[in-house]
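Given the structure is predicted, the values throughout are model-derived calculations rather than measurements. For ligands, and for the atoms within them, numbers begin at 1 and follow the listed sequence.
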Amino acid sequence: MSAETLSVTVCDATLRDGSHAVAHQFTAEQVRAVVGGLDDAGVPVIEVSHGDGLGGSSLTYGRSGSDELELIEAAVQTAERARIAVLLLPGIGTKDDLRAARERGAQVVRVATHCTEADISPQHIALAGELGYTPIGFLMMAHMNSPEGLAEQAAIMAAAGAEAVYVTDSAGALVPDGVSARVAALRERLGDEVAIGFHGHQNMELGVANSIAAVRAGARWVDTCTCGLGAGAGNTPTGAFVAAAERSGIATGIDLFEALEVAETTVRPLMRRPQIADRGALLLGYAGVYSSFLLHAERAAERFGVPVEEILLECGRRKTVGGQEDWIIEIAAELASRSEVVA
Ligand SMILES: CC[C@H](O)CC(=O)C(=O)O
Ligand SMILES: [Mn+2]
């Protein structure tokens, strides 16, 4: 296939992954402004949910400032062309959450599991199909499984009815070769009936390069966030991806200049800190730690008076996965008591 014929569906996840970066405090007014701008720019799919997916509002993951169903409804009412997507992690979100979001007009759902636990997704994927969603599988922390192992997991999601399955680099730990190998393995295992997606994080500043590598290896869905707003150092920035894709002969259908306009006028003013790969964020990628652990680790570091880097490196050594946010506190407490013993 020549590079000129490649085209991808971009899902802008600013209003979901970006929710981590604003402590889940998006308002309906902000959702309308962001969705309006992205829709005008031609972004075909826009994801809106708590950062940890439907039902994520909790003490463990952080309480939402606004009811996420109202945010989804605001997005649906604003979008003229774009489809609104939601994220669901079985065990955090429930089947009732899936039904409620569908009633508010969400059309696409990504059912997310750890990269070795696709077997907890079939009932949610099947229900999503019955409800009329486009069901998509989302294999998180993809660096923690081999290409072949990940392909086996993807096959479970595909058999349940997923129309696409994502290689999700939750920790921003993959380099382009690792992305290509995983996408190629899924491609070979799933054939042409099921599309492959890629979701990247910027912890080692490879979001755009990894996304282009994914497309070259056969991915046809790519996740981005406007201004990169997302967990850790953020996600593959929408503007940078659209520009690099255009220069690489990959069609996104998105108007670069309009995407940059919504970035500068609507999303950048919402940012609480710059999305950069500073020491903590970079170590997430290097140590292979879930991007959304960064803010939890920073809070624990302050509370226990220990270096955030030590917490993150220990999370990496323990191979922590999503849902184990409470370990961050435990690790910080242990580090603090060890340093007391030394003193
Ligand atoms: C907790 C859900 C998580 O933020 C999903 C995601 O975007 C990822 O794994 O990268
Ligand atoms: Mn993410």
Side-chain angles (χ1 to χ4, degrees), residues 10-24 26 45-58 60-62 64 68 85-93 97 108-118 120-121 124 136-145 150 153 157 165-174 179 182 197-204 206-207 210-211 214 221-238 241 275 281 284-285 288-297 315 320-328:
V10 170
C11 172
D12 184 296
T14 312
L15 296 169
R16 200 280 304 164
D17 215 320
S19 181
H20 291 295
V22 298
H24 317 289
F26 282 130
V45 183
I46 301 170
E47 190 175 55
V48 184
S49 308
H50 182 281
D52 294 271
L54 296 176
S57 179
S58 60
T60 308
Y61 300 112
S64 299
E68 69 185 334
V86 292
L87 181 79
L88 178 116
L89 277 70
I92 297 181
D97 291 321
V108 177
V109 60
R110 284 104 73 79
V111 178
T113 74
H114 184 63
C115 60
T116 54
E117 292 177 5
I120 62 167
S121 70
H124 296 87
I136 293 180
F138 203 72
L139 287 166
M140 302 185 290
M141 300 290 275
H143 71 285
M144 292 177 84
N145 205 344
L150 199 67
Q153 297 293 310
M157 291 176 154
V165 180
Y166 267 71
V167 173
T168 303
D169 184 17
S170 313
L174 289 172
V179 172
R182 284 167 178 77
F198 178 71
H199 173 103
H201 278 269
Q202 285 285 74
N203 302 332
M204 293 200 289
L206 290 171
N210 280 347
S211 301
W221 283 70
V222 170
D223 280 10
T224 62
C225 286
T226 300
C227 296
L229 190 69
N235 292 60
T236 307
T238 304
F241 176 71
Q275 292 275 198
L284 289 169
V289 177
Y290 221 59
S291 294
S292 59
F293 278 21
L294 181 61
L295 298 183
H296 293 282
C315 286
T320 50
V321 301
Q324 293 178 322
E325 279 78 355
D326 52 334
W327 275 24
I328 297 170

Q) Rounded to the nearest 0.5 Å, how far apart are CG of L139 and OG of S121? A) 7.5 Å
(Q) Once rounded to the nearest 0.5 Å, what's the spacing between atom CG of L295 and atom CD of E325? (A)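 If we round to the nearest 0.5 Å, L295:CG and E325:CD are 11.5 Å apart.
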For [X], counting its heavy atoms only, list the atoms of ligand 1 lying under 4.0 Å from any of them.
X: G51; value: 2 (C), 4 (O)
X: M140; value: 5 (C), 9 (O)
X: H20; value: 4 (O)
X: H199; value: 6 (C), 7 (O), 8 (C), 10 (O)
X: D52; value: 1 (C)

Q) Does H201 approach ligand 1 within less than 4.0 angstrom via side chain, backbone, both or neither, non-hydrogen atoms only? A) side chain
Q) For ligand 1, does S170 get within less than 4.0 Å through its side chain, its backbone, both, or neither, judged by non-hydrogen atoms? A)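 S170 to ligand 1: contacts from backbone and side chain alike.
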Q. Does Y290 come within less than 4.0 Å of ligand 1, judged by its heavy atoms?
A.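 In this structure, Y290 qualifies as a contact of ligand 1 - some heavy atom is under 4.0 Å.
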Q: Carefully, step by step, assess V167 and V179 under the rule side-chain contact (heavy atoms from CB on, under 4.5 Å).
A: CA-CA 8 Å; V167 173; V179 172; 5.5 Å; no
Q | Which residue and heavy atom of the protein sit nearest atom 5 (C) of ligand 1, plus the separation | A | R16 NH1, 3.5 Å
Q: Mind telling me whether H199 and Y166 have parallel, tilted or perpendicular rings, with 30° and 60° as the class edges?
A: perpendicular
Q) Is the closest side-chain donor-acceptor distance between S19 and H24 under 3.5 Å? A)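 There is such a pair between these side chains.
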Q. Does a donor on one side chain sit under 3.5 Å from an acceptor on the other, for N210 and T236?
A.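 Not at all, the side chains of N210 and T236 share no donor-acceptor pair under 3.5 Å.
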(Q) Is it the case that ligand 1 has an N or O less than 3.5 angstrom from some N or O of T168? (A) no
Q.
If you measure every N or O of D17 against every N or O of ligand 1, does any of those distances drop under 3.5 Å?
A. yes
Q.
If you apply the rule side-chain contact (heavy atoms from CB on, under 4.5 Å), what do you find for C11 with R110, and how did you get there?
A. CA-CA 11 Å; C11 172; R110 284 104 73 79; 3.7 Å; yes
Q: May I ask you to decide if G322's main-chain N or O and Q324's side chain share a donor-acceptor pair within less than 3.5 Å?
A: no
Q) Any donor-acceptor pair under 3.5 Å linking the side chain of R182 with the backbone of A142? A)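 At least one qualifying donor-acceptor pair exists.
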Q: Starting from the Mn ion (ligand 2), look over the N/O/S atoms of D17 and name the nearest one.
A: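 It is OD2 of D17.
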Q.
If you round to 10 degrees, what value do you get for the angle at the Mn ion (ligand 2) between H199 atom NE2 and H201 atom NE2?
A.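 About 100° at the Mn ion (ligand 2).
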